[in-house]
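Worksheet: the structure to be examined is printed underneath.
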Amino acid sequence: MLPVDLRDLHRGPVDTIGRLDPGDPTFTGLMLELDGPVEVQGRLQQTGHDEFLWRASLNGRVRTSCRRCLKDLRYPVHADVDVLFSADPDASDDPSVYPLASPVMRVDVRDAIREELALAVSGFPLCREDCAGLCPRCGADLNAGPCGCTVSAEPD
């Protein structure tokens with residue numbers, strides 16, 4: 001259950017377990033190509049008046065291209081998150097706090113899932129650490145060996 005009703009939190013921490021498919025509206029507009037569902041396992045607890053702490057683990061897979069050789073790439077994404085939700089107007093300027101509208105009726109962790117997953121994805125994905133990339137002159141994949149063209153050190 002990813003949106004948590006506040007009445008459930010009055011009894012104590014609530015487990016937030018879910019599975020979001022790649023087409024889930026949570027990911028709309030996110031420039032990630034998910035390769036399967038995102039698994040969410042967490043726990044939400046009240047830490048103060050209209051303040052809630054969510055600790056969770058997010059696991060999924062993304063499809064992208066190697067930034068050096070442009071080969072298709074699929075890799076796992078994992079994030080352990082500690083997120084604070086608050087309806088306190090003084091906390092709204094803090095970028096690490098997810099704001100809640102008063103009166104708080106429920107806490108929906110899906111916005112945090114979206115953002116934390118995006119932050120966990122590498123901005124420079126590589127097929128392997130020593131990827132040689134493409135020849136800047138002929139575009140050959142240098143991972144397969146030298147391309148045969150001569151690349152001058154000086155521009156033409």
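Positions are given from 1 along the sequence.
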>> For a quick test of reading the model, state the closest non-hydrogen atom pair linking Val83 to Ala112 and the distance between them.
In response: CG1-CB, 4.1 Å

> Can you tell me how far the NZ atom of Lys71 sits from the OG1 atom of Thr64, to the nearest 0.5 Å?
Replying inline: 15.0 Å

> Should the heavy atoms of other residues, nucleotides or ligands under 6.0 Å from CZ of Arg61 be counted, would the total exceed 12?
Replying inline: yes

>> A side-chain contact here means heavy atoms from C-beta on lying under 4.5 Å apart; do Phe27 and Leu34 qualify?
In response: yes

> Considering residues, nucleotides and ligands other than His49, do more than 12 of their heavy atoms fall under 6.0 Å from its NE2?
Replying inline: no

>> Before you tell me yes or no, could you show the steps for Ser86 and Asp88 under side chain to side chain donor-acceptor pair (under 3.5 Å), namely the whole-Å CA-CA distance, both residues' side-chain angles and the distance that decides it to 0.1 Å?
In response: CA-CA 5 Å; Ser86 179; Asp88 182 353; 5.0 Å; no

> Is there a salt bridge (Lys or Arg N to Asp or Glu O under 4.0 Å) between Asp15 and Arg43 once you walk through the steps?
Replying inline: CA-CA 4 Å; Asp15 289 333; Arg43 181 165 222 150; 3.7 Å; yes

>> Checking Thr26 now: which residues fulfil side-chain hydrogen bond (donor to acceptor under 3.5 Å, both in side chains) with it, not counting sequence neighbours?
In response: Asp24

>> Restricting to ring-ring contact (aromatic ring centres under 6.0 Å, His included), what partner residues turn up for Phe52, sequence neighbours left out?
In response: none

>> Is any side-chain heavy atom of Ile113 closer than 4.5 Å to one of Leu2?
In response: yes

> With Arg110, which residues qualify under side-chain hydrogen bond (donor to acceptor under 3.5 Å, both in side chains), at least two apart?
Replying inline: Asp108

>> Working to the nearest 0.5 angstrom, can you tell me the gap between Leu73 CG and Glu33 CD?
In response: 11.5 Å

>> Any heavy-atom pair between the side chains of Leu53 and Leu44 that's under 4.5 Å?
In response: no

> Any side-chain heavy atom of Val62 within less than 4.5 Å of one from Arg74?
Replying inline: no

>> Is it true that Arg68 and Asn143 share a donor-acceptor pair across their side chains at a distance under 3.5 Å?
In response: no

> Nearest heavy-atom pair of Leu58 and Leu117: which atoms, and what distance?
Replying inline: CD1-N, 4.1 Å

> How many angstroms lie between CD in Gln45 and CZ in Arg55, if you round to the nearest 0.5 Å?
Replying inline: 6.5 Å

> Of all heavy-atom pairs between Asp141 and Gly133, which one has the smallest distance, and what is that distance?
Replying inline: OD1-O, 3.6 Å

> Can you name the nearest heavy-atom pair linking Cys127 to Cys66, along with the distance?
Replying inline: N-SG, 3.3 Å

> Between Asp50 and Ser102, which heavy-atom pair has the shortest distance, and what is it?
Replying inline: OD2-OG, 4.3 Å

>> So, applying side chain to side chain contact (heavy atoms under 4.5 Å, CB included) with Ser57, which one of Val81, Val40, Asp80 is it?
In response: Asp80

>> Go through it in stages, so that I can follow the logic: the residues are Tyr75 and Asp35, the test is side chain to side chain contact (heavy atoms under 4.5 Å, CB included), and I'd like the CA-CA distance, side-chain angles, deciding distance and then a yes or no.
In response: CA-CA 9 Å; Tyr75 67 94; Asp35 187 34; over 6 Å; no

>> Under the criterion side chain to side chain contact (heavy atoms under 4.5 Å, CB included), I'd like the reasoning laid out for Leu142 against Cys147: C-alpha separation, chi angles, the key distance, then a yes or no.
In response: CA-CA 7 Å; Leu142 298 175; Cys147 62; 4.2 Å; yes

> What about Leu6 and Trp54, same hydrophobic cluster or not, with Ile/Leu/Val/Met/Phe/Trp/Tyr joined at side-chain heavy-atom distances under 4.5 Å?
Replying inline: yes

> Taking the side chain as C-beta and beyond, is there a heavy-atom pair between Asn59 and Val38 under 4.5 Å?
Replying inline: no

> Applying the 4.5 Å side-chain criterion to the ILVMFWY set and letting contacts propagate, would Leu9 and Phe85 be lumped into a single cluster?
Replying inline: yes

>> For Arg114 versus Thr28, what's the shortest heavy-atom pair and its separation?
In response: NH1-O, 2.7 Å

> Judged by atom type as modelled, is there a donor-acceptor pair below 3.5 Å linking the side chain of Ser122 to the main-chain atoms of Phe124?
Replying inline: yes

>> Quiz question: by atom type and distance under 3.5 Å, do the side chains of His10 and Asp8 form a donor-acceptor pair?
In response: no

> About how many Å separate CG of Asp111 and OH of Tyr98, when rounded to the nearest 0.5 Å?
Replying inline: 8.0 Å

> Does a sphere of radius 6.0 Å around CD in Glu39 hold more than 12 heavy atoms from other residues, nucleotides or ligands, not counting ones at 6.0 Å or beyond?
Replying inline: yes

